[in-house]
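Have a look at the structure below before the remarks.
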Amino acid sequence: MIIILVIAFFASCTKDFQKINATWNGSASASFPQIYQSVGSNMALTAQGEDNAGTRWLYPITQQGAVYAASDFGYGGGANWNGFYQNLAAINQMFSMAAATPDSASYTNAKAMLKVLRAYQAIELSNFYGDIPYSKAGKGLSGNTADLTVPYDKQQAVYLSCLKDLTWAVNNFNTTSTTQFSLGSSEFLLANNIPQWIKFANSLRLRYALTMYDKDNADAGPIIADALSKPLLTDPVADVVGLNATNIPGLSVDVNAAGRGFSFRQECRLRMGSTMWNMLSNNNNADGSGIFDPRCKIYFEVNGSGNWAPYPQNPVTATADGGDPYNVARDADWTLDKVGNLYSDFNYYWGRDGVAPGSTVTVPEIFMTPAEVHFLKAEVYARGIAGVAQNNATAQTEYEAGITSSITFWNTMAYTSSIWVVNKPVAATPNPADITAVLTNPKVAFNAANAVQLIYAQEWVDLFRQPWVAWTLMRRTGGATPADPSNPAGYIQNYGSLQRYQYPGDEQLYNNANWKAATGGNDVTSTKIWVAK
């Protein structure tokens, strides 16, 4: 499979095809910025990824949402495997191009960006599958036949290699030089904002070092301590890193908005589950009078009768639901297709942002938010790890900053969205009283005796549109994220036993010996990945 991906990516640039592909007024070879832009197009989730990585499986696995019937689509294909290996080949090519220039030092910032993007995508892919081909992959054009089929790296090795790259990037990004090569408008993520790149890279260091800490604290601890001493993402909105958000300048790569919309419409079985509902409301009052967290009305909507009705998270006997709550006809009339809809749905606008005619993508495909950074810092201080002294006061400050940042971000997303109409926030900035109501609610208020559990819970709530990150959080904490205690056997049977994704079938076909070495010839989904407890 890696062979095919590499050849397909560079086919139009090889000498045998230059005459066929030659343009009358330009080069037959792709430039550094053009290849970089192609990397951006492969960073987003595919339509398949939107379906399987979120709606179909990860929401009920993480319990951030519920489905009232099993999916017609098999469990698998959650991550953009093909896109990553295309990017790996492209990044290798760009490193070679930079090294061949007369002044390769002028490409330091560009190389740092590539290392950050590669590290982000590699670790997130590894979190789906476990061990992956990495250190020797993406070199199919080297002319060495040994590079055509490559072994799998252990997940620990992937983490350590990527953290090394992220550390290099943080320490080598150049904010003062006027001679650094510029990617111009092709810089799809942060518009050449080098200080922002430093914060993003360093925040990823904190995420990944903390993720692996309980498995390898000797390597992770110094990275966590160092990351806390350097710039991190802080602004609730401006510092959010993701693809194609209108509130973040410079993003030009389009998120697969059509795939996002499809993931909600197809089967339309996704509902607000009782686990998330219990984190956002004090009681089950159908009129919503128990709702204390403003994110509830941003994440979800009422049923066909105008009532708030969570679907039981892990019912012994499933209950069917009706209506067609994700039908695009609701663009014209929000009340349409809600007849027979018994349970609260995910907010309709999640599937229409950037998809409905005339709308633009407001809600980004998120890579990382400042809210998550605050929760990660809160965990470090609450646990007293990585040589950092336990400090409940600082943990509380970071915890409350995380909640405030989360509410601010999601409020701004809903307010800014051009398609959002019903339950649209009245202002871009949330009412401070609403935030105070959340911070002081007994379900949320900081308690030193239960601090770590509270931190995980609010991080889980914030990761609502990143269920893959919530899945990693759930696994690396041993299931310490919110969960419905009823019918545990049913949950394990249907979802809890799913610990990883199976490798794409092409790996078994084209990289068979290495696939067998990695799986023992038994590619099962119940095998825990390395970072999981």
Side-chain angles (χ1 to χ4, degrees), residues 112 115-116 118-120 122-124 126-127 154-173 196-234 239 241 367-402 405 446 448 451-460 462-463 466 469-470 472-478 480-481 529-533:
K115 285 177 181 284
V116 173
R118 181 175 65 183
Y120 167 78
I123 289 185
E124 294 305 322
S126 179
N127 286 340
K154 295 293 185 182
Q155 187 177 40
Q156 181 179 16
V158 174
Y159 262 71
L160 292 175
S161 177
C162 291
L163 281 164
K164 182 178 179 180
D165 279 346
L166 290 169
T167 298
W168 186 93
V170 168
N171 293 333
N172 285 276
F173 269 120
Q196 190 79 344
W197 270 102
I198 294 172
K199 290 192 288 185
F200 176 44
N202 195 44
S203 297
L204 288 178
R205 293 172 76 214
L206 183 60
R207 173 198 277 180
Y208 297 137
L210 190 51
T211 299
M212 66 176 275
Y213 179 80
D214 289 325
K215 292 293 181 176
D216 181 1
N217 56 61
D219 287 308
I223 299 173
I224 293 170
D226 188 57
L228 292 176
S229 71
K230 294 179 178 177
L232 293 161
L233 300 169
T234 55
D239 274 0
V241 180
F367 290 178
M368 197 164 195
T369 68
E372 182 188 352
V373 172
H374 286 300
F375 292 126
L376 296 173
K377 292 171 70 177
E379 179 184 351
V380 173
Y381 287 109
R383 294 177 63 185
I385 61 175
V388 177
Q390 184 184 35
N391 187 322
N392 284 324
T394 304
Q396 179 175 356
T397 297
E398 294 294 343
Y399 170 73
E400 294 180 350
S405 180
F446 187 84
V452 175
Q453 194 80 22
L454 289 168
I455 292 164
Y456 292 154
Q458 285 303 311
E459 185 175 352
W460 175 90
D462 176 66
L463 291 170
Q466 296 169 274
V469 181
T472 301
L473 176 66
M474 181 182 74
R475 286 178 294 168
R476 66 104 166 165
T477 62
T481 51
I529 62 174
W530 173 69
V531 296
K533 282 188 176 179

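None of the values given here were measured: they were computed from a predicted structure.
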T211 side-chain N/O to R207 backbone N/O, donor-acceptor pair under 3.5 Å: yes
Where W460 and A470 come nearest, the two heavy atoms and their spacing: CD1-CB, 4.4 Å
What I'd like to find out is whether the side chain of F200 reaches to under 4.5 Å of the side chain of M368, using heavy atoms alone. yes
Any luck finding a side-chain donor-acceptor pair between E379 and Y456 under 3.5 Å? yes
List the steps and the verdict of side-chain contact (heavy atoms from CB on, under 4.5 Å) for Y208 and Y213. CA-CA 8 Å; Y208 297 137; Y213 179 80; over 6 Å; no
Side chains of N217 and I385: does their closest heavy-atom pair fall under 4.5 Å? no
Closest non-hydrogen atoms of G221 and A386, given as atom of the first, atom of the second and distance, are O-CB, 3.4 Å
Value for NZ (K533) from NZ (K215), rounded to nearest 0.5 Å, stands at 8.5 Å
Taking the basic N atoms (NZ, or NE/NH1/NH2) and the acidic carboxylate oxygens, is any pair closer than 4.0 Å for D214 and R383? yes
Hey, does L228 have a side-chain heavy atom less than 4.5 Å from the side chain of Y381? yes
Backbone N or O of Q458 within a donor-acceptor pair of the D462 side chain at under 3.5 Å? no
Which atom pair, heavy atoms only, marks the closest approach of A371 to S405? N-OG, 3.4 Å
Do NZ/NE/NH1/NH2 and the carboxylate oxygens of E124 and R118 come within less than 4.0 Å? no
Would you confirm whether D239, through its side chain, and T234, through its main-chain N or O, come within 3.5 Å as a donor-acceptor pair? yes
Shortest non-hydrogen contact from A378 toward Y399: CB-N, 3.7 Å
Do L166 and K115 touch side chain to side chain, with heavy atoms closer than 4.5 Å? no
Can you tell me how far the CD1 atom of I223 sits from the CG atom of L163, to the nearest 0.5 Å? 4.5 Å
Between S126 and A122, is there a donor-acceptor pair closer than 3.5 Å when you use the side chain of the first and the backbone of the second? no
If only atom types and distance count, is the side chain of E459 paired as donor or acceptor with the main-chain N or O of E372 below 3.5 Å? no
Rounded to the nearest 0.5 Å, what separates atom CD1 in I455 from atom OG1 in T481? 14.0 Å
Strictly distance-based, threshold 3.5 Å: is any side-chain N or O of N171 a donor or acceptor partner for the main-chain N or O of T167? yes
From Q156 CD over to S161 OG, what is the distance, rounded to the nearest 0.5 angstrom? 12.0 Å
Do T477 and L473 pass the side-chain contact (heavy atoms from CB on, under 4.5 Å) test, and can you show the C-alpha distance, the side-chain angles, and the key distance before you say yes or no? CA-CA 6 Å; T477 62; L473 176 66; 3.9 Å; yes
Can you name the nearest heavy-atom pair linking D219 to P222, along with the distance? O-CD, 3.6 Å
If you measure from OG on S203 to NZ on K230, what distance do you get to the nearest 0.5 Å? 13.0 Å
Taking the cut-offs as 6.0 angstrom to the six-membered ring centre and 45 degrees off its axis, would you call K154 and W530 a cation-pi pair? no
Min side-chain heavy-atom separation K377-T394 under 4.5 Å: no
Do the non-hydrogen side-chain atoms of L160 and M212 ever get within less than 4.5 Å of each other? yes
Quick one: are V116 and L204 in side-chain contact, heavy atoms under 4.5 Å? yes
If I compare all heavy atoms of V170 with all of A201, which pair ends up nearest, and what's the gap? CG2-CB, 3.7 Å
Please report the interatomic distance CG(L454) to CZ(F375), rounded to the nearest 0.5 Å. 10.5 Å
N127 and Q155: side chain donor to acceptor below 3.5 Å: yes
Is any side-chain heavy atom of L233 closer than 4.5 Å to one of T369? no
